[in-house]
Visitor: 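Starting off with a structure, shown below.
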Amino acid sequence: MSSQKTRDLQWTLQAIRSGKTNLQNISFFHTQSTSGSFQESDNSSSISFSANNDDDNDGINYFNQLLAVLAAAARETNHTTPMNLSFHSVDWKPGPLQNLRCLLLGKNNSNIRQLEFQRNMFGASGLSELSEMIGRNNILEVVIFSECQIGFLGAKLLASALTKNETLEELQVWEDSISSKGAEELSRMIEVNSTLKLLTVVDNNSITATPLISAVLARNRAMEVHIWSRSNNGNRSSKVVEFTPETNTLRVYDVDHSGSQRIACALGLNATVRTLDMTGIRLKSKWAREFRCVLEQNRTLKEVVLSRTCLKDKAIVYIAAGFFKNRFLSKLHLDGNWFTGIGVEHLLCPLSRFSPFQTQANTTLTWLSFGGVKTKIGRGGVIAILKMLETNQTVTHFSIYNDTSLKPEDAVKIFRSLERNATLRCLSFRCCRGIQGEMVLQSVMDTLQVNPWIEEIDLTGTPLHDAGKADRIYEKLGQNSSLVPEKDLLNDLQLTTPTFCRVFFCGQEFAGKNSLCNSILHNLDSSRLTYTDALRTLVNPVEQIVRSSDIKIKTSQDGDIKISIWNLAGQHENFALHDLMFPGHGSPSFFLIVSSMFRKPANREPKTPEEVEADLLYWLRFIVSNSRRADTRSKLPHITIVLTHYDKVSQQQSGHLQTIASSVQRLRERFQDSTDFYPTVFTVDARSSVSVSKLTHHLRMTSRTVVQKAPQVYQLCNDLIKLIAEWRSQNFNRPVMRWSQFCELCQLNIPALRIRSRRDNMGSVDMRRRAVATSLQHVGEVIFFEELGFLILDCGWFCGEVLGQLAKLNATKNSTTEGNGFISKKELEKILRGRLQNQIPGMGSKVFDNLEAGDLIKMMLQLELCYEQDPGNPNTMLLIPGLLEEGRGKSQKWQLNTPECVYVGRRLEFDNSRQMFLTAGFFPRLQVHLHNKIFRLKNQQGAIYSLEKNLILIEINGIHVRVELGEQLSYYYIDILGCSAKTQNINEMLRLFHQLIIPTIHSLCPGITVTESILRPDCVKYLLPSSLRRTQCVPLQRLKQALLSMPADSMYDYQHTWVSLMDGTRTILRSGFDYARNLLSDEDFREVLHRRYYDLHHLAREVAVPLAPSENQEAPTAAADHMVEPSLSGIAQGVETILQRLKIIEQGIKDLKQEIQGLRYYEHRLVIELHRKLDYLVNYNIQLEERKVPQFFYFVQVQNYTKRLVTKLFSGMTALRLHMLCEYRREMHVVDDQMGCELMQVDNQALKCLLPYMSKFMKLLTFALKIGVHLAAGMGEMIPDLSREVAHLIDSSFLYGTAAIAAGAVGGAAALGRARGTQSRGSLNPESSINSRNISQDIKAAQQWLVDFLKDQKIATGKDIAQRFGLWRVRYTDTGHIAWICRRHKEARGIQVVEVPI
C-alpha cells in the first residue's frame, strides 16, 4: 500500500478518533485496486480498502481498525447522530464481525440506523452472528441485503432475529433467492413482529410472494409490501404483489392458482385492505369459492377489481352467493371475463327484487361493471338486467363494456326499464356493438324525458356514437342538469267538476242494507252486473250464514259519474270505524239512513215508533257530529230516510206506519238547521228491483246535484283515477300502491307532476304530488297514509277485510293481555294473520299478499288505534284500547288521601246534545292521542300514564288526573277529575286541564262547540260514579253570570249551593256550598272582574258620573262607603266608589307600564349615545398611522371548546387569540370564520400598552353588545352576566371580568349617570378635552403595539390582513373617513365606499 494512501486512511482514522467529523453516511468498498478514503460531503465518506497485493493484510487491518475506531468513538463521545453504514463486496471474517458486533451492540452505541450489504459474503457462521446482532440491537431501523446470496438459511436466521427485534422498520432483500421455505420463515416472523413497516423482496421465483402477503393480510399488519420476481432469462424484473397501507390497496400482478386461493383465505378477517385489484390473473372456481367466504366475513373491503380474470359461470355463482350476506362492498368490476347469461342472472339476483314485499338482498353495492368479447349475456342475462334496473334502489353506476351479444332490441328494453329507475346516475355501454339505430336513439331520448336522474351515459366506441348521433343524448343530459323555471305549488293546476260521488248506507244490523245495495246496483247498470252479484238476492239467507259483517264498498258507472256505495256495517263492533270512513271537506257525497220496520227479518214483530226513532236519531246525530268535525265551512249533509221490509206491512198496520211518519217529521224539524233533509221517506222491499226503482232514480238525481254543487277538484284527479285503474289491471288488481310507485306513475304519465331536471325543486314537486294524493283521499278514491308511504286503492277491501277485523280485536281472548290492553308485536301479528286469513276458500282476497303485518301495526299506530309503550324499543309492547277491560270490582279511590289535598272537576259535553254526541270511536282515540301528546312533550316531568276501559289515569308533576267517559240517555260526555297535595289552590290543576287535556279533546272534534261544567269537589274527592254526578255540576258560564249579578263587595264571598245527592232512599251527599273563588281559576275570576269593570264603566257614563274626582271634592267617609241611598244618585255614588277601587289596581298596572316604557326610552337614548361615541372612536385622529391597521381589536380566550371575550388583562395570561371587528359605521360586528392571530403570552410591555384601551373600548363595547346587539353582533354567547357591576362601570375606568348587561340594569345605570352629572377621568365622554388627550395617547399606544405585533406575525400588507382577518381598507365617499370593513359590507355597500389598498 502506498504511503500516500496510507496517509489517507490514517487521516480518516485520526479524524474519527478526534471526533472532528460529523459523518452520517459511511460506505466501505472492498476493491481490487488501491486503498483510499474519499470525502463525498461534510457528512458522507467512502472508504476503499484493497486486497490485491502483498499489503492485503494492511487493507483488512485498516478496515478492522476503522470499525473499532467507530465503536470506540461512539462509546467515548456518546454521539447520537444517526449513522448509515453500507458495505460493498466485503468478505466477512471473524475479526471484522467482532468489531461490527462491538459497533452494533456496544455500550452507548445507539447511532447506527441503517445497514446495507451489497454483494457481501458471510458464510453460515457469519449469517448466524449477524442475525444475532440484528436481533439484539434496539436502535437499528433499516437492513438491506442486495445480491448477498443469503438463501433459505439467511432468511431463516433473519426471521428468527426479527421475532425478537422491536425497532427494525424496513427489511429489503434484493436479487436473491430465499425460496418458498425462506418465505415461509419470514411469514412466521411477520405473524410475531408488529414493528416492521416496509418489506421489499426481489426473488428469482414469484412463489415467495404468497406466504409473505398472506401473513401480512392475516395479521392485519400496516406494512408496505413490494415483492418482485425475475423473468426466466433474468433480464427484467416484474412485480408480483404490492400492498400500500396509505391507500389500503392490495394489487396482485402474478400468482399461481394456489397462491390466489391462499390470499383469498387471508382476506376473510382482514381489516386493512379497502381495494383489491387482481386484474389479469387467471382465476378459477376454487378461488371464487374461497372469495365467497371473504364477501360473507370481510367488513372493510370496499372495491374489488377482477377484470380479465377468465371467470366463468361457476365462479360467478360463488361470487353472487357471497353478495347475499355482504353489507360493505360498494364497487365490483368484472369486465373481460368469460361467463354467460347464467352468470349474469346469478350476479344480479341479490341486486333485484322479485316481489313488492321482498327486501333487496344486497343494498351496499353501488358500482357494477361487466362485459367483454367472451361474455355472452344472452336472453336470460337481458331479462336479469331488466329486472335489476326496474327494482334496484342502490346501484348508481352500471357499465357493460365491449359486448357483442346484445342486440338493438335488447338495448331498447334496457333503456325503457330505466324510466322507473330513480337511483342510477351513470350508465356505460362503451364499445358495445348493439347500441345502434334510430330505435335505440329514440328509446334513450324517451327515457331521459321522464328520468332526469341519469347524469352520464357513455356511448364511446358504439355505432351510435361513431355515426355522430349521440350528440342529441348529451344535449338532453345537459338540459336535465340545468335550472328550470319553478311553478306555483298548486295555483297552476287546472280545476274541473268531479266525476264521482259517494253514497253512504247507514243503519243498524238486519236493516237490509246489503239487499238494498244489490237491488240499486242492479237497476243502475244491470248489463255490467256480475253473475255473482246478480245471484246474491237469491242466496242471501245462505250468504248471511258464512259472510262476515264488514264494511263494503261497491261502484257503478252512471254515465260520466262514478257512484260508489259505502255500506257501513251496522254491527256495534264496527261503530268505532265509522269515524274513519266519514267523508272529508268538499267530498261529493250524501247519506241514506236505512231502518227496518221490524225487529228481526225472520219474524213479523214490528218495531215501535220509539225504536225506529232511536235508530234514526243515532245516525242523524252521528252524521251531524262528524260533519262539524270534518269542517265547519262544509255544506249541510244531504240525508234521505229509507224504511225497509215494507212488503211485510199488513193493512192493519197502516196506523203504525203513520205514527212512524210522524216521528220522522219530528226529527226533520229537529235537525232542519244542521242537515239537508229530503222530505220524502222511501218505503221499499229491499230485495225487489221494482220496489227500489224510485229510490234508484232519486239516488241518480241526487248524485248529479251533489256533484254540481261540490267544490271543483284538480283535473289531475280524474286523470289519475283512470291511470290507477289501468295500473291495477296490469298488476293483478293489487289494492295497495306504495308511494314510490305513485311517484313513478306521476313521473311517467303526468307532466304537471313530473320532475323535469335534477336541479328542479324536488320539495315543490313532492308537495304537489302529496296534495293530489290527499285530494284523491278527500273524494274517497284512495286512502293515503302519508307517513307510512302507501295508498289504499281498494277502499272496500281495506275497510272490510282489514279495518273490519282490526275493530274486532276487542273480542280477542288472549292470555297475554291480562285485561290491561298490552300485547306484544309478535303476538299481535299472529292474531292478525289468524283473523285476516280467508275463512271460506275461494272468497275474498288475501290481505298479506298486499300488506305485511308490520304495515298493519304501523297503520294502527297512525290511525291511533294503539300506541307503543316504549317507542324507541323494537320489542316494545303495544296498548290497544279495544283490549281493555272494565275495572269492575276495583276500589275507586285516589292514591293521595291527605287533609292537604285539593280536588277539582270539569265536565265536557256538546253544546247541542240533542243533535250531536261523542261517537263510539272517540274515547279510544282520545286515550291514544292524549298519550302520544303527553310523551312528546319535552317537559313531561316523568308522567305516569295508564288506561282502563273508558278511563285515563295520569300523574304529572304531582297532580293526579282521571279522564272518564260517561253515558247518559244514549249520549256521551267526558269528566276530568284532578287531585293534588302540592298546592292549596286549584289554579295549577286547571292550568293543566286547559293547556293539555281540553285542547287535546278539542283537536279530535274541531268545529264542534263543547260546553264546560264544574263538578262538585266532594264528588271528585269521593270518586262517585259518573251516573250519580249528573245533578252535581254547574255550567261554567252560568256560575260566571251568577257572579256578575252579585254586588261587587259580595263577589269574593259568593257561595254556590249544591243540592243533596240521593241514591234511592240513601243519602250519599248532603246539600252544601262552595265558594265561587274556590271553584274558579284565577284567570276565570279575573275575567269576571274585568267584565264587571266595563259594565260599571258604561253605567257610570249613562248616569253622568265624572270618571275622576274634582280637586275640591272631599274624600268620602268610611261610613259613606257602606251606605248607598235608594235613588239614582245613590246608585251612581256606589258605582263611583267601586270604580275608584278598581282604578287603584288599574293605576298600578298603568304605573308598571309607564315604568317599562320609561326604561325603553332610556335604553333608546343610550343606544343613540353609544352609536355616537363608537363612531367618534372609529374616526378619531384619521391621520394616525394613516389607518394602516384596523382600529378595533379584541382578545378571545378558548376554554373547554367555548370562546370568552377577554376584558381584563394581566401579565402572564396565555392561550389568547387576537381578532378584529368590522368597523363599518353603525354596523360593527364580529367577522365570521376569522382566523385571527395567536398571542402566546401577555408580557408587561403589552399590558402597559393595552390596559387603558381595554378599560375604555371594552366598556363601550360591552354596553353595545347587550343594548344594541347590531353594534357588535356575534359576541353574545361570549359575554356572561355583569348586572352586579353596573354601578361600578359608571365610575371606574376599569372593567373587571367579562361583561353583559341586562336592559333593566342599563336603564338604572343611565339614570344614575344623569343624576351624578359629572364625569371622572375615566368616563366615557370622548368630547371632553382631557379625555380627548387620554384617548389619543391610549389609542396611539395600543395601535403601536398592534403594528409591532402584526409585523412579528409577518402581517405587513393589506393583503395579509385580508387573508388573516377578512378586512379590507376602504374610504367612505361622503365623509372621506378610512375604515376596515368585511367582505359582506364591501360588496353590499359598494356605492358608499371605495377600496384604498395599502
Side-chain angles (χ1 to χ4, degrees), residues 1177 1185 1188-1223 1228-1266 1271-1285 1288-1289 1292-1301 1322 1334-1335 1337-1367 1380 1382:
L1177 289 178
E1185 291 293 331
K1188 292 183 178 180
V1189 295
Q1191 185 83 0
F1192 291 147
F1193 58 92
Y1194 62 96
F1195 295 97
V1196 170
Q1197 191 170 27
V1198 180
Q1199 295 179 350
N1200 298 326
Y1201 303 100
T1202 59
K1203 295 181 179 180
R1204 295 181 65 86
L1205 180 66
V1206 177
T1207 55
K1208 181 181 178 181
L1209 290 177
F1210 54 88
S1211 181
M1213 291 184 69
T1214 59
L1216 300 183
R1217 182 166 286 275
L1218 181 139
H1219 292 272
M1220 297 182 181
L1221 295 173
C1222 172
E1223 300 174 358
M1228 182 189 304
H1229 66 91
V1230 173
V1231 181
D1232 295 332
D1233 300 328
Q1234 189 181 86
M1235 295 176 57
C1237 292
E1238 186 174 1
L1239 179 62
M1240 299 303 296
Q1241 187 174 7
V1242 178
D1243 54 15
N1244 293 331
Q1245 181 63 29
L1247 183 66
K1248 181 179 179 181
C1249 296
L1250 297 177
L1251 191 58
Y1253 169 83
M1254 296 290 290
S1255 65
K1256 294 181 174 61
F1257 172 67
M1258 281 296 119
K1259 188 179 297 184
L1260 283 178
L1261 180 61
T1262 304
F1263 274 93
L1265 287 173
K1266 292 304 177 179
L1271 291 177
M1275 287 189 179
E1277 295 180 357
M1278 298 186 289
I1279 310 292
D1281 187 21
L1282 193 67
S1283 56
R1284 300 178 182 177
E1285 305 287 343
H1288 185 66
L1289 281 172
S1292 175
S1293 61
F1294 296 93
L1295 189 63
Y1296 295 104
T1298 56
I1301 302 175
N1334 293 336
I1335 292 175
Q1337 296 173 0
D1338 296 341
I1339 292 179
K1340 284 183 179 180
Q1343 195 166 37
Q1344 185 60 46
W1345 176 90
L1346 178 62
V1347 171
D1348 296 338
F1349 175 77
L1350 294 179
K1351 288 182 180 179
D1352 294 339
Q1353 298 291 325
K1354 298 181 180 180
I1355 302 175
T1357 64
K1359 183 179 181 181
D1360 297 335
I1361 294 177
Q1363 291 178 351
R1364 189 66 67 92
F1365 298 97
L1367 298 176
W1380 288 81
C1382 64

Visitor: Give me the atom names and distance for the closest heavy-atom approach of G1366 to V1231.
Guide: O-CG1, 4.3 Å

Visitor: Determine the minimum heavy-atom distance between E1223 and P1190, stating which atoms define it.
Guide: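 Smallest heavy-atom distance, with atoms named: OE2-C, 3.3 Å.
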
Visitor: Applying side-chain hydrogen bond (donor to acceptor under 3.5 Å, both in side chains), which residue pairs with at least one partner in residues 1345-1354 are found, sequence neighbours left out?
Guide: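 As it turns out, the side-chain hydrogen bond (donor to acceptor under 3.5 Å, both in side chains) pairs with a partner in residues 1345-1354, which skip direct neighbours, are Q1344-D1348.
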
Visitor: For the CZ atom of F1349 and the CG atom of L1239, what is their distance to the nearest 0.5 Å?
Guide: 5.0 Å

Visitor: Side chain to side chain contact (heavy atoms under 4.5 Å, CB included) between I1355 and V1189: does it pass, once the steps are laid out?
Guide: CA-CA 10 Å; I1355 302 175; V1189 295; over 6 Å; no

Visitor: With rounding to the nearest 0.5 angstrom, report the CE to SG distance, M1220 to C1382.
Guide: 14.5 Å

Visitor: Return the set of residues passing side-chain contact (heavy atoms from CB on, under 4.5 Å) with D1243 (not counting sequence neighbours), or none when no residue passes.
Guide: Q1245, A1246

Visitor: Which residues satisfy the side-chain contact (heavy atoms from CB on, under 4.5 Å) test with Q1241, sequence neighbours excluded?
Guide: T1214

Visitor: To the nearest 0.5 Å, what is the distance between CH2 (W1380) and CG (L1221)?
Guide: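 W1380 atom CH2 to L1221 atom CG measures 14.5 Å (nearest 0.5 Å).
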
Visitor: Could you give the distance from NZ (K1188) to CG (L1350), rounded to the nearest 0.5 Å?
Guide: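 Nearest 0.5 Å value for the NZ-CG distance: 13.0 Å.
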
Visitor: What's the separation between atom NE2 in H1219 and atom CE in M1235, rounded to the nearest 0.5 Å?
Guide: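 These two atoms lie 10.0 Å from each other.
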
